[in-house]
Amino acid sequence: MKFTKTLFIFLILNFGALALGRWLMNNGPQTDWYINLNKAPWTPPGWVFGVAWTTIMLCFSYFMSYLYLKQPTQRVIGLFVIQWLFNVSWNYVFFNQHLVGLGLAIIATLTIVVAILFFNFRTDLKVKHLLILPYLIWLCIATSLNAYILVYN
């Protein structure tokens, strides 16, 4: 019961972050600004982003639930809050304000925070720490896409 309640809370927080980020980007991927950018040749089609983020947030919610129940520390909560804020703010900075350089700094920092969660808690969670791997891989791809846009536009 305790795990189910914790998972439910993290699902709300993580999918809430996606919803808030989507609202803050103000139709960003459909704007002329984004459509006319020189994008990386490895940029996935639009539908992949929705599937990827849904999968990532499901896995990340399980990861955070296991981690929080194992270590309900200020460090764990702090890293979660930092990643939440950076995840949400990137959408606004990049898509809404078109601040590609600042967006790159934000997404690179987000990637580092998620890498810290991945590497620092792997012994505590054992194989369950792999639940955060889709998030880390996706952030590496997203960081490269952001960097490409910064360099080639």
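All residue numbers refer to positions in the sequence shown, counting from 1. We use all heavy atoms of the structure for the numbers below, so side chains are in, but hydrogens, waters and symmetry mates are not.
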A.B. asks: Do you know the tightest heavy-atom contact between I132 and F60?
C.D. replies: CD1-CE1, 3.6 Å

A.B. asks: Could you check whether any side-chain N or O of N36 sits under 3.5 Å from a backbone N or O of D32, counting only pairs where one atom can act as donor and the other as acceptor?
C.D. replies: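 Side chain of N36 to backbone of D32, a donor-acceptor pair under 3.5 Å: yes, one is there.
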
A.B. asks: Regarding W138 and T55, do their side chains bring together a donor and an acceptor under 3.5 Å, going by distance alone?
C.D. replies: no

A.B. asks: Answer yes or no: is there a side-chain heavy-atom contact under 4.5 Å between I9 and M64?
C.D. replies: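 Not touching, per the 4.5 Å side-chain cut-off.
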
A.B. asks: State, to 0.1 Å, how close W84 and A17 come at their nearest heavy-atom pair, and which atoms those are.
C.D. replies: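 Shortest heavy-atom contact: NE1-CB, 3.2 Å.
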
A.B. asks: Which distance, rounded to the nearest 0.5 Å, do you find between the CD of Q71 and the CG of L125?
C.D. replies: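 Answer rounded to 0.5 Å: 8.0 Å.
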
A.B. asks: Working note: L130 + F118, criterion side chain to side chain contact (heavy atoms under 4.5 Å, CB included); need CA distance, chi angles, decisive distance, verdict.
C.D. replies: CA-CA 8 Å; L130 295 175; F118 177 76; 4.3 Å; yes

A.B. asks: Take atom CH2 in W33; do more than 12 heavy atoms of anything else shown fall under 6.0 Å from it?
C.D. replies: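 Correct, the count exceeds 12.
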
A.B. asks: State, with a plain yes or no, whether a side-chain heavy atom of F49 is found less than 4.5 Å away from one of P29.
C.D. replies: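 No, every pair of side-chain atoms sits at 4.5 Å or beyond.
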
A.B. asks: Specify the closest pair of heavy atoms between S61 and F10, including all atoms of both residues, with the distance to one decimal.
C.D. replies: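 Minimum heavy-atom separation between S61 and F10: OG-O, 3.4 Å.
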
A.B. asks: Tell me which one of I106, L104, I141 satisfies side chain to side chain contact (heavy atoms under 4.5 Å, CB included) with N146.
C.D. replies: L104

A.B. asks: Are any of the side-chain heavy atoms of F121 and V76 separated by less than 4.5 Å?
C.D. replies: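 Yes - at least one pair of side-chain heavy atoms lies under 4.5 Å apart.
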
A.B. asks: With heavy-atom distances below 4.5 Å as the criterion, would you say the side chains of Y68 and I77 are in contact?
C.D. replies: yes

A.B. asks: I would like to know whether H129 and F63 meet ring-ring contact (aromatic ring centres under 6.0 Å, His included); could you show each step before the answer?
C.D. replies: CA-CA 7 Å; H129 92 283; F63 171 87; 7.8 Å; no

A.B. asks: Find the distance between CE (M25) and CG (L20) and round it off to the nearest 0.5 Å.
C.D. replies: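 Reported to 0.5 Å precision, the distance equals 10.5 Å.
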
A.B. asks: Using the side chain to side chain contact (heavy atoms under 4.5 Å, CB included) rule, take F95 and N26 through it: C-alpha gap first, then chi angles, then the decisive distance, then the call.
C.D. replies: CA-CA 7 Å; F95 282 115; N26 195 24; over 6 Å; no

A.B. asks: Do I12 and L58 share a hydrophobic cluster (ILVMFWY, side-chain heavy atoms under 4.5 Å, transitive)?
C.D. replies: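 Shared cluster, no.
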
A.B. asks: Out of curiosity, S89 OG to L102 CG, how far, rounded to the nearest 0.5 Å?
C.D. replies: 8.0 Å

A.B. asks: Does L79 reach the side chain of N120, with side-chain heavy atoms less than 4.5 Å apart?
C.D. replies: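 No - every pair of side-chain heavy atoms lies 4.5 Å or more apart.
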
A.B. asks: Run the numbers on R75 and I116 for side chain to side chain contact (heavy atoms under 4.5 Å, CB included), then give the verdict.
C.D. replies: CA-CA 11 Å; R75 183 165 186 244; I116 290 168; 4.0 Å; yes

A.B. asks: Taking the inter-plane angle between the rings of Y62 and Y66 on a 0 to 90° scale, is it parallel (under 30°), tilted (30 to 60°) or perpendicular (over 60°)?
C.D. replies: tilted

A.B. asks: Under 3.5 Å, is there a donor-acceptor pair between the side chain of N153 and the main chain of L37?
C.D. replies: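 Side chain of N153 to backbone of L37: no pair is present.
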
A.B. asks: Report yes or no: does W53 contribute a side-chain atom to a donor-acceptor pair with the main-chain N or O of L18 at less than 3.5 Å?
C.D. replies: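 Checking the backbone N and O of L18 against the side chain of W53, no donor-acceptor pair under 3.5 Å is found.
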
A.B. asks: Among side-chain atoms of Y135 and N14, is any donor-acceptor pair under 3.5 angstrom?
C.D. replies: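 Their side chains do not contain a donor-acceptor pair, so the 3.5 Å distance test is not met.
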
A.B. asks: Can you see which heavy atom on N91 is nearest to which on N87, and at what distance?
C.D. replies: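 The answer is ND2-O, 3.1 Å.
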
A.B. asks: Could you state whether L99 and I35 fall into the same hydrophobic cluster, counting links through intermediate Ile, Leu, Val, Met, Phe, Trp or Tyr residues with side-chain heavy atoms under 4.5 angstrom apart?
C.D. replies: no

A.B. asks: Applying side chain to side chain contact (heavy atoms under 4.5 Å, CB included) to I149 and N38, what does each step give before you reach the verdict?
C.D. replies: CA-CA 6 Å; I149 288 171; N38 292 317; over 6 Å; no

A.B. asks: For F80, is there any backbone N or O sitting under 3.5 Å from a side-chain donor or acceptor partner on Q83?
C.D. replies: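 Pair found, side chain donor or acceptor close to backbone of F80.
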
A.B. asks: Counting only heavy atoms not in F8 (residues, nucleotides, ligands), do more than 12 fall under 6.0 Å from its CZ?
C.D. replies: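 Counting neighbours around CZ of F8, 12 or fewer heavy atoms of other residues, nucleotides or ligands fall under 6.0 Å, so no.
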
A.B. asks: Is there side-chain contact between P44 and L145, with at least one heavy-atom pair below 4.5 Å?
C.D. replies: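 The answer is yes, as the side chains (C-beta and beyond) meet within the 4.5 Å cut-off.
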
A.B. asks: If we ignore hydrogens and angles and just use 3.5 Å, is the side chain of N96 paired with the main-chain N or O of G28 as donor and acceptor?
C.D. replies: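 Not a single qualifying donor-acceptor pair exists.
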
A.B. asks: Within the supplied structure, the quantity of interest is the number of heavy atoms (other residues, nucleotides, ligands) at a distance under 6.0 Å from W47 CH2; does it exceed 12?
C.D. replies: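 Result for CH2/W47: open.
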
A.B. asks: Please say whether the positively charged group of K39, taken as NZ for Lys or CZ for Arg, lies over the ring of Y34, i.e. under 6.0 angstrom from the six-membered ring centre and within 45 degrees of the axis.
C.D. replies: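 Positive - K39 is close enough to the ring of Y34 and near enough to its axis.
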
